[in-house]
Every structure is written in C-alpha cells, then in structure tokens.
Protein chains: 2
Amino acid sequence: MKKITINSVASYAGVSKKTVSRVLNNEPNVSDVTREKVLKAFKELDYTPNPIARGLARNRSFIIACLYDNPSKSYITRLQSGALAACHQHGFNLLIHPCELRGQALLDNIEQLLQTSRLDGLVLTPPFSDHGELVAFLRQKKVPFARVASVKLDDDSISVRSNDEQGAFEITELLIKLGHKDIAFIKGHPDHSATEQRFNGYRRALAQHGIEYQERLVEEGNFSYHSGADSAETILHLNPRPTAVFASNDYMAAAVLKAATQMNLKVPDDIAIAGFDNAPIARHIWPGLTTIAQPVEEMTRLAVEHLIEQINQGDNGDEEQQKEPLQITLEAKLICRESTAAPKS
Amino acid sequence: MKKITINSVASYAGVSKKTVSRVLNNEPNVSDVTREKVLKAFKELDYTPNPIARGLARNRSFIIACLYDNPSKSYITRLQSGALAACHQHGFNLLIHPCELRGQALLDNIEQLLQTSRLDGLVLTPPFSDHGELVAFLRQKKVPFARVASVKLDDDSISVRSNDEQGAFEITELLIKLGHKDIAFIKGHPDHSATEQRFNGYRRALAQHGIEYQERLVEEGNFSYHSGADSAETILHLNPRPTAVFASNDYMAAAVLKAATQMNLKVPDDIAIAGFDNAPIARHIWPGLTTIAQPVEEMTRLAVEHLIEQINQGDNGDEEQQKEPLQITLEAKLICRESTAAPKS
DNA sequence: CAACATTATGACACCGGTGTCAGATGAGGA
DNA sequence: TCCTCATCTGACACCGGTGTCATAATGTTG
C-alpha cells in the first residue's frame, strides 16, 4: 500500500498540484469540470491530505490546548468533551494540559508549551480564565485564546460563562423560602473567580430577604472534598448550629453530608445541605444533593467554536479585523434533590 | 520579533543547516568545536525547532492518542495523567479520543483518526484493550499500540495490567473471613475483560473456602452507577437476603449503599458492601467503601513509555527488530474502610 | 611518502502541502 | 477583427526541517 499524496492525485486527475490544492481548500477559480475530476480522484484514490504538511505550509498546527487545574474530575471530563466536540467538527485536535503551576513558573510552562507544540489557540478554564498575568502574556504573544467561566468581562476576548452569581442566589433563596435563617456558606478556592461570584449570590439572597449576614457562618474552602470536610467540622460544631449549609461545590457539600451523617445528624431534617455544579456525586449519595447544574460542555464547546473562528479569520489577510467583544452567558439551573427541606423545629 | 529557524542558527553559527540539524539530533560526526558553536547559537538566539517541520521530514507527528470509553471520570483522568507524564518526558503530545462506537463503525472511526492526525501510536484502554478486531486492525495497519489493563497476554504486544483476579479474590476472601457466606456479586460491563477477571476472583475465593457458588446472588451490571442501582434493587429484595455485596466497581457499590440506606438497612451491620477501583467516591461517602486500589497512572505511564520506545526504535533502520513480548503486571492493593464488617447475627 | 580509512562538513533534493505570479483561455465591447 | 478584462491553470519557490551523497580534512598503515 503506497502513500497517496497530492502529487498522486494531481497526476491521476491530470492537473497540477496547485489545482488539487485549490479544490481541497474550496478556493474559487476552479472550473466545474476540473473540480469534478479532482473530486473523483479523491474518491478513487481514497486521498486524505497530510495535516502536518499543510500545517507547515500554512504555519498552523490545527491543535488547540485546553488548560486546566481543577480538583473535579467530572468537571474536567465535561470540559474536555465539549472542547473535543467543537474541535472535531472543524478538523482540529485537542491537547490537554493540566497545570498546577502559578506565577512565573506558569508563564514559563506555557511558553514552553507554545514553543514545542506550535498551538493555534488555547482554551483557558478555571482557575486560569481570570488569571491576569497569563491573559496579558497571551495577548502580548498574540496567541488566540478563549476563556471558559471567566468573570472579568471588561475586554475584547472570547469568553463563555454561566451565571454563577444568579445560581448561588437561587439556591440560597430556596433555603430561605424553606424557612432557613442561619445558613452557613463554604467558599471555594480563592484563585477561582466562581468563588467570589457564588459568595456574592449568597449574600445578595440574604440581603434581599432581610436576613443578616453572619461572618461566623462562613468558612474558607478550596473546592476539594478534603477542605469541605474541614469546614464541616467547624460548622457542625457551631453553637447555635446553622440549620442549613450551602457549599460552593458538590464535593464540599458531600463532605458536609458525610460529616453530618457521622455525627448522627439527619439530613435534611437536622441540617439541610446544598451544593453547586451537579457533579455525579450529587446524585450518587443519599440523600441526593440540591445543587446548580451548569452547561459545562456547552460552554466549552461554544468557547472553542469561537476560538477556531478567530483562528481561521486571523489566518486570511485583513490583519486584526477586530471583532466585537464576544461574551456569552448561559443559564444555570436549580436542581432540587433530597438534601434540602424545611428546618425541623 | 522575527522567527528563529534553523537557517538563522546556521548563518549565526557560520555552519550549514545540516550541521545544525546534526547537533539538534545528537548525531555523531560533529567536532566538539562546531558543536559548541551551534549550542551557543541555540542559546543566544533562543531557538526552538519547529516540531511540525520535523514531523513532515521524518514522517512523524510526535502525537500519541489515548482511546477510551469508560463511565468513570476519575479513571479517565488518572489514565490521562499517567499517559501525559510519559508523553511530556519524551517530547510527545497526547490526543484524547473518547469513543463509544463498536464494530465496523469503530474501525472506520479509528481509521479516520489515523488518517487525519497521523498518529505515531495509540494507547488502548478498557474496553478497547481486549477488542480483538481493533487489535487485529492496528496490527495489519502496522500502527504501534500499547494496551492498558488487558487480559489476553497471548501475543507480542505491549501490555500493562494489574491483577484484577487476585484483587477480587482478596476482597471476597476478606468478606468470607469476616464470616459472610451469602455474598452477592455484581458483574461489570461484558465488553471489559476486567469483568470476567473480577468474577473469576470472586468464584475462586468462594471455592477455596468451600462456599457454594449461588447463581441467584449474581447480577449483571455494566460499571455504571445506574446499573448498580438496578442490581441493588434486585439483590436487596432477595429472600434470604445476602449479608454482603461485592460490586465490580465503586460506582455500583455506591449505588448499593444508597439503595440500602434508603431501605433503612445499616451498612455494614445489616449488609456489608465492597467495591473495586478505589474511585474518589469510595472515600466521599459514608460509610467509606472497602475496595481495591490499582496503580492506574503507573500502568498507563509504563504503557506509553514502552510505546514511545517502540516508536523510536521502529524509526531507525533495522526494520522489525522484534522485541520480546513486553507484558507487565502490577499489584493491586486492598483498602479496608467502614463498609465491611462481620455479619450482625 | 603513497594509499587508504575515517571523520567532519556542506550542497542539494525531498517531505507534502500552500502562496505568488505569469500565461492561457474565452467572453464582451469598440 | 482587435483589444480588454475576468476566469482558469500551472510553474516555481517556499514552509523548516531531515536524508543522501560527494568532498574536504584528518589519521593510519605499509
């Protein structure tokens, strides 16, 4: 089995390389007759262009990388799956780049990534979406990028997010309407902008319903199960104990649930628990967690979709066509399960 | 900032392209003086070779793909992380390729993947590790591949696994030693070879301890939480009810735990539960699941490591150096948590 | 010192595509 | 009929590396 190159096709169809290339790229100025001949040759020879050669000639790699550092495996795989969907649709491939670094080491690492793989673009996911230095660095290097779940919408880059603040508001409001007044809150990782957003939603709901904000009810977490367990330890021993806990994600909520169960507290009767993200664990435990579902795949898919668009347009002439800011906010959805109910007394 | 190519370096160092290339690839026949000059030029110009051009010239892409279809997100990310570690160490990049297809559609899909990305090699993870047609297809196409967690060790390909049969044996034996005799078993997905292995371990433990195998205690699952819930429904309503349930993975075990809790059964007192894989959920729920931990990252890392070795050697002459079969089995480890104890009565 | 082996280096073609530009072809207008 | 212009097409250089081979420089042997 010998390799089929553009030359084979050209001689088979009786035209020049360049004409084959024209057909390949849907360029204008090819007569219908010629086009048909070439397309026929494609079929009969079962030709597939070599993306590497094409990449060399066009100075493109058709590769996008997805940068992440997130404790939630389900979140990561959902990100990946959305990114892949968009990539495949446009003939791109996806490189995954988990990265725990921060500061200068992060920039060095990314620089190396850029150098060694000649990426066409980068998808930033939390907590990198709002990493100021990194964003500035990429801008300076003129590397196209898109941000998923970022908050700072004050510029012209591509950004797709869901409404964390609103989600947190709704879940807090739900608890309030059930009759809870002492609602503990566990914050997420300070690097993630969602952390602030969710906290803001919590406070807005309290304020709007005339409930006083109590600092004693707020714990610092970092989105990991472990941090949730630590926070739970503190919260569940408060006196008086809050009647509800809203954790900034489901892993931390699951940790609260486990701790409460170990203390023989009934959930939701003795203490109501709510999470965020609708991770698989939210429905794998008993009682299932009331939480907020975000369209993670869709967010990433859209981000990559627009990123590829930008890459492709930057490609053909016109230098800096300066699209208008492209910022999309999708809705998050409240999901009620068994972990929330009215307080017992 | 202009691009630094091999030509810039060559003229800067006052040598030819080819000599630069020689230094780049650590080829022999370069005098120390020349080598130093070139290395100095690398440093001063901050040169990084273009992997795409190199790929074109050598007909290599420096890309490996990881093929998977697994319901467990944590398993997937662990696979990825092991594969990435090995890839990065050798200057390769990793493409992820989740794939739900089977039969001819699967082969077509892989063929397309090969065509469009010009992979250098493929890592097969369950359930593809033991997919006969796929393996035959890859062999015929002479695409290097390595298998993770495969069972059929009857040939010369690279394969890294852990001892599922032994793990299942140990966990069953643990239950038996605690005093359980009626131990239910939930099978995994029939496509995964681990399914058979774990079942074999279960039966061997029963046999070895003189406990009669009861078909009524065995349910068909598919490794998903949902299938575990279905099986649990059946098992927990058996009469007489078994005193222990061993599910082929942690998700199904978690489903059993949830179902049992909903039925007001105490775990482990009324019913003991064991899982397999040591997924995060095993320690995120209460009571924590007794389970088997496998070195998933390490398995994949080793597989990729050897795959790259094979790719690199196939590269330089000598055609078909026919290494001896490379098959590695790592140990799995029993982890005891709170979900197992002696039967109550 | 001639004859030869070995090492070091560069010229040049090549990998498989794309960009540039000049020339061929055919339609429409004077 | 001749000229102009728009549409097609191919020759050729180029992307940034690697492989092949010839040749120059050096070392080894009889």
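Note that this is a predicted model, so its numbers are computed, not measured. Order of the sequence lines sets the chain letters (A, B, ...), proteins ahead of strands, with each chain counted from 1.
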Subject >> pair B/Gln327-B/Ser150: side-chain heavy atoms closer than 4.5 Å >> reply: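 Side-chain contact under 4.5 Å: no.
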Original post:
Taking C-beta and beyond as the side chain, do A/Thr125 and A/Met299 meet within less than 4.5 Å on heavy atoms?
Top reply: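 Sidechains of A/Met299 and A/Thr125: no contact.
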May I have the distance from [X] (atom [atom1]) to [N] (atom [atom2]), rounded to whole angstrom?
X       : N      : atom1 : atom2 : result
A/Arg58 : D/dG16 : CZ    : P     : 16 Å
B/Asn7  : D/dG17 : CG    : C1'   : 9 Å
A/Leu56 : D/dG17 : CG    : P     : 9 Å
B/Asn59 : D/dG16 : CG    : C1'   : 16 Å
A/Glu36 : D/dC8  : CD    : C1'   : 16 Å
B/Ile52 : C/dG17 : CD1   : C1'   : 12 Å
A/Arg60 : D/dC15 : CZ    : P     : 18 Å
A/Glu27 : D/dT9  : CD    : P     : 13 Å

Original post:
Is it true that A/Arg301 and A/Glu305 have a side-chain N and a carboxylate O under 4.0 angstrom from each other?
Top reply: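 Yes, charged N to carboxylate O under 4.0 Å.
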Original post:
Taking 4.0 angstrom as the limit, do A/Asp69 and A/Arg102 come out as a salt bridge?
Top reply: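 So A/Asp69 pairs with A/Arg102 through a salt bridge.
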Subject >> Non-hydrogen atoms of A/Ser61 and A/Arg118 that approach each other most closely >> reply: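 Nearest pair, atom of A/Ser61 first, then A/Arg118: OG-O, 2.5 Å.
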**OP:** State, to 0.1 Å, how close A/Phe145 and A/Val135 come at their nearest heavy-atom pair, and which atoms those are.
**Re:**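 Closest heavy-atom pair between A/Phe145 and A/Val135: CZ-CG1, 3.8 Å.
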**OP:** Using five pairs at either end of the helix from C/dC1-D/dG30 to C/dA30-D/dT1, determine the angle between the two local helix axes and round it to 10 degrees.
**Re:**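 Nearest ten degrees gives 50° for this helix.
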Subject >> Enclosure of B/Glu100 CD (heavy-atom neighbours >12, cutoff 6.0 Å) >> reply: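 Atom CD in B/Glu100 is not packed in, count stays at 12 or less.
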**OP:** Answer with base, sugar-phosphate or nothing: what part of the nucleic acid does B/Pro49 contact at a heavy-atom distance below 4.0 Å?
**Re:**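 It contacts sugar-phosphate atoms only.
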**OP:** Answer yes or no: does a side-chain N or O of A/Asn25 lie under 4.0 Å from OP1 or OP2 of C/dT18?
**Re:**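 Answer is yes, contact under 4.0 Å.
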Original post:
So does B/Tyr47 get a side-chain nitrogen or oxygen closer than 4.0 Å to the phosphate oxygens (OP1/OP2) of D/dG17?
Top reply: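 The answer is yes; a side-chain N or O of B/Tyr47 sits under 4.0 Å from OP1 or OP2.
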Subject >> Step-by-step side chain to side chain contact (heavy atoms under 4.5 Å, CB included) determination, B/Ser162 to B/Glu298 >> reply: CA-CA 10 Å; B/Ser162 73; B/Glu298 182 63 8; over 6 Å; no
Donor-acceptor pairs under 3.5 angstrom involving side-chain atoms of residues 9-18 of chain B: please list them, not counting sequence neighbours.
from	atom 1	to	atom 2	distance (Å)
B/Ser11	OG	B/Asn7	O	3.4
B/Ser11	OG	B/Ser8	O	3.1
B/Tyr12	OH	B/Glu44	OE1	2.3
B/Ser16	OG	B/Lys18	N	3.4
B/Ser16	OG	B/Thr19	N	3.3
B/Ser16	OG	B/Thr19	OG1	3.2

All N/O pairs under 3.5 Å across the protein-nucleotides 8-14 of chain C interface:
from	atom 1	to	atom 2	distance (Å)
C/dA8	OP2	B/Asn29	OD1	3.2
C/dT9	OP1	B/Ser31	OG	3.1
C/dT9	OP1	B/Thr34	OG1	2.5
C/dT9	OP2	B/Ser31	N	2.9
C/dT9	OP2	B/Ser31	OG	3.4
C/dT9	OP2	B/Thr34	OG1	3.2
C/dG10	OP2	B/Ser16	N	2.9
C/dG10	OP2	B/Ser16	OG	3.1
C/dG10	OP2	B/Thr19	OG1	2.5
C/dG10	N7	B/Arg22	NH1	3.4
C/dG10	O6	B/Arg22	NH2	2.7

